[in-house]
Structures are given as structure tokens and as C-alpha cells.
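Predicted model only: the values in this text are computed from it and were never measured. Worth knowing before you read on, the calculation uses all heavy atoms, side chains too, and leaves out hydrogens, waters and symmetry mates.
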Amino acid sequence: MSITKEQRQETIKKFARKEGDTGSPEVQVALLTNTIKNITEHLKKNKNDTHTRVGLMRQVNQRKRLLSYLKRVDADRYKSLIDALDIRK
């Protein structure tokens, strides 16, 4: 259900703004997106897992807050991140 260390490092490397960057909104949103996709697949198989569903909603809301912050601060970075992650159609 969780992502491996290698997948996490690859995602960080892909979305980092500079070397060693793990805290920028782009990296945080990318990591949350990977986790959200994994949990969504888990919930398709386990429909009654309410504890995981609550955790999923927390992560979706966290990603929403980060995306709204990024949109407010720099719209170009927001648009490129949305396109790269294919979040919104």
C-alpha cells in the first residue's frame, strides 16, 4: 500500500526545485499524489476500511491546501505541476 524508498527518491528527484529539496510544495504534492493513488487502489478492494478512508480524506485535503497555496503564490508552477501529475482534467 505504501510506496517504496526508491519510488519516493525518484519522485523527489523528478519534482525537486534544487538539489536536496524535499519540502517544496511540488515535491509534497507529488508524494501525496502517489500515496493517494495507492490508497485508492486499496479501497477499491476493501470497501469497508473506514480508517483508511479517513486517512485518505486527510491526505486529499492536505494536497488541496498545498495546491491552493501554490496557485496563490505562483500560477505557472501550479499549472505545470497539475499537468505533470495529471491531477485535474
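- Separating the CG atom in Leu31 from the CZ atom in Phe15 is a distance of 9.0 Å, to the nearest 0.5 Å.
- Partners of Arg77 according to the salt bridge (Lys or Arg N to Asp or Glu O under 4.0 Å) rule, which considers only residues two or more places apart in sequence or in another chain, are Glu26.
- For Asp74, there are no side chain to side chain donor-acceptor pair (under 3.5 Å) partners at least two apart in sequence or on another chain.
- Within the model, atoms CG of Leu85 and CD1 of Ile36 stand 10.0 Å from one another, a figure rounded to the nearest 0.5 Å.
- Distance check: Thr50 OG1 to Leu56 CG gives 12.5 Å after rounding to the nearest 0.5 Å.
- By the salt bridge (Lys or Arg N to Asp or Glu O under 4.0 Å) test, Lys44 pairs with Glu41, sequence neighbours left out.
- If you take CD on Glu6 and CD on Gln9, they are separated by 8.5 Å, rounding to the nearest 0.5 Å.
- Ile39 contributes atom CD1, which lies 11.0 Å from atom CG of Asn34 (distance to the nearest 0.5 angstrom).
- Residue Glu19 holds its CD atom at 8.5 Å from NZ of Lys13, rounded to the nearest 0.5 Å.
- Evaluation of the side-chain contact (heavy atoms from CB on, under 4.5 Å) rule for Ala16 yields Asp21, Val27 as partners, not counting sequence neighbours.
- Qualifying side chain to side chain donor-acceptor pair (under 3.5 Å) partners for Thr22, counting only residues two or more places apart in sequence or in other chains: none.
- Under the 4.5 Å side-chain heavy-atom criterion for ILVMFWY residues, a single connected hydrophobic cluster contains both Leu32 and Ile87.
- The side-chain hydrogen bond (donor to acceptor under 3.5 Å, both in side chains) analysis of residues 53-64, with sequence neighbours excluded, yields the pairs Thr33-Arg63, Gln62-Arg65.
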